[in-house]
Amino acid sequence: MLVLLLSFALPVRVWRTGELPAPPLPLVRGGPQVYLPERVWIDTDAACGSGRTVDPDDCLALLLLLRSPGLTVVGISTVHGNAPLELTDSVTRALLNLVSSDSTPPVYRGSPVPVGEAAGRPDAPAYVALRRALDAGPLTVVALGPLTNIALALAGAPGSERNVGRLVAVMGRRPGHLFHPAEGAAGGMLFGHGPVFTDFNFAQDREAATRVLALGLPMSLVPYEAARQVTLSPRDLGAIERASAPGAWVVERSREWLDYWKEEIGREGFYPFDLVAAAYVVEPGLFDCAPAEAWVAEDERLWGWLDMPDALMVGLGPDPEDEVRAKGRVVYCSEPRAETHRRLLEALTSAGPRRDGRGAREPSS
């Protein structure tokens, strides 16, 4: 064990980045054109401020989406994930109270448990409300947490998936990749190796994601691979804090997470996973994305001699010998443009985001 721990001090690039080589994807500058309806539904497991290792990204994403004049947020559903449902629901409602206006969308409670534990439970208000919103017309569904609510809502209303214009989810990875934010940063634990994160939203309900992928919905994945290219620093948070009361509320609840990244990961700032996905919804042209195949199976490239749980992988396609539980076509948005950080700060610290370069919002052929 001592030898294993000391081995982390070796400057092995794969150990530092967490990325085994993978075949390149055919990235399209500004992404392939996709249909993103301006009617938006947000599904969230917001729990900012509930613990040192709980990220504030959902709250930042909510702020961005609610401040975007080109979007109409018709509803918000809460789900288990970052914290129990009681907490994610109360945090979401507290933030919505601060941004209260005539156009503030309603909040609906969703599932407190993963799909596999939901049998026999009555329909949650979130399922009913999401089905009603889909009946009224096409939606962009932004999933900031596990896909439990999405899977259960669609399962209870066959045919409603036809009005999902696009599902934007924060999950997925290339085969053989780990979520490894330290990447040799000075000060990180284990000689800069730091903690290894999971594909959290997928891991919280693998069955829900598998069911949703099998439906063949138009789907964009904005993964860790994209978020690691955008860092929110203490200075950035200070600007957000000074800009508005809701921003100050979120920043105050981000301080423990910021400390965790400094002390355990060794970075002055953090990757805002859900906020980067929200940026894609607001301005898809900021991202270079690739049409790709996604599938659920064990990732045998990662320590294949261990019993690995299923992963949501993205690439040119699974190996023929893989035992694939579900697969489908997705748009994989792994490369935010250099100006993404600046655009995010502009949107969160001013009256509204810039509209130029927003990207396509037309039905794809």
Enquirer: If you measure from OG1 on Thr140 to CG on Leu36, what distance do you get to the nearest 0.5 Å?
Expert: 4.5 Å

Enquirer: Rounded to the nearest 0.5 Å, how far does CG of Asn149 lie from NE2 of His80?
Expert: 7.5 Å

Enquirer: Can you measure from CG (Asp236) to OG1 (Thr231) and round to the nearest 0.5 angstrom?
Expert: 9.0 Å

Enquirer: Are Asp89 and Thr92 linked by a side-chain donor-acceptor pair shorter than 3.5 Å?
Expert: no

Enquirer: Would you call Arg131-Asp135 a salt bridge at under 4.0 Å N-O?
Expert: no

Enquirer: For the residue pair Thr88 and Asp45, confirm or rule out a side-chain donor-acceptor distance under 3.5 Å.
Expert: no

Enquirer: Just wondering, more than 12 heavy atoms not from Glu339 lying within 6.0 Å of its CD?
Expert: yes

Enquirer: If I take atom OG1 from residue Thr210 and atom CG from residue Leu213, how far apart are they, to the nearest 0.5 angstrom?
Expert: 7.5 Å

Enquirer: Is it the case that over 12 heavy atoms from other parts of the model lie below 6.0 angstrom from the CD atom of Glu323?
Expert: no

Enquirer: At what distance, to the nearest 0.5 angstrom, does CG of Asp55 lie from CG of Asp274?
Expert: 6.0 Å

Enquirer: Val170, Leu139: one ILVMFWY side-chain cluster at the under-4.5 Å cut-off?
Expert: no

Enquirer: Check for me, please, whether Leu134 and Leu217 land in the same ILVMFWY cluster - side-chain distances under 4.5 Å, paths through other members count.
Expert: yes

Enquirer: When you compare the side chain of Phe200 with that of Asn82, does any pair of heavy atoms fall below 4.5 Å?
Expert: yes

Enquirer: Are Arg93 and Thr78 close enough that some pair of their side-chain heavy atoms sits under 4.5 Å apart?
Expert: no

Enquirer: Can you find a pair of side-chain heavy atoms, one from Leu66 and one from Pro105, that are under 4.5 Å apart?
Expert: yes

Enquirer: Whether the side chain of Arg253 engages the backbone of Cys48 through a donor-acceptor N/O pair (distance < 3.5 Å, no angle test) should be reported.
Expert: no

Enquirer: Below 4.5 Å, heavy atoms only, C-beta onward: do Pro291 and Arg329 meet side chain to side chain?
Expert: yes

Enquirer: Could Glu252 and Arg255 be called an ion pair, given the rule that one side-chain N must be under 4.0 Å from one carboxylate O?
Expert: yes

Enquirer: So, do Lys327 and Val296 sit near enough that their side-chain heavy atoms are less than 4.5 Å apart?
Expert: no

Enquirer: Measure the spacing between OH of Tyr127 and CZ of Arg121 and express it to the nearest 0.5 Å.
Expert: 8.0 Å

Enquirer: Check whether any side-chain heavy atom of Pro234 sits under 4.5 Å from a side-chain heavy atom of Leu258, and report yes or no.
Expert: yes

Enquirer: Do the ring planes of Phe197 and Tyr260 sit parallel (below 30°), tilted (30 to 60°) or perpendicular (above 60°)?
Expert: parallel

Enquirer: For Ala182, does its backbone N or O pair with a side-chain atom of Arg267 as donor and acceptor, under 3.5 Å?
Expert: yes

Enquirer: Any sub-3.5 Å donor-acceptor pair from Arg52's side-chain atoms to Trp257's backbone N or O?
Expert: no

Enquirer: So, Glu298 and Arg325, do they make that salt bridge, N to O below 4.0 Å?
Expert: no

Enquirer: So Pro32 and Cys289, do their side chains get closer than 4.5 Å, heavy atoms only?
Expert: yes

Enquirer: Could you tell me whether the side chain of Leu152 reaches within less than 4.5 Å of the side chain of Ser111, counting heavy atoms only?
Expert: yes

Enquirer: Could you see if Leu167 belongs to whatever hydrophobic cluster contains Tyr280? Use Ile, Leu, Val, Met, Phe, Trp, Tyr and a side-chain cutoff under 4.5 Å.
Expert: no

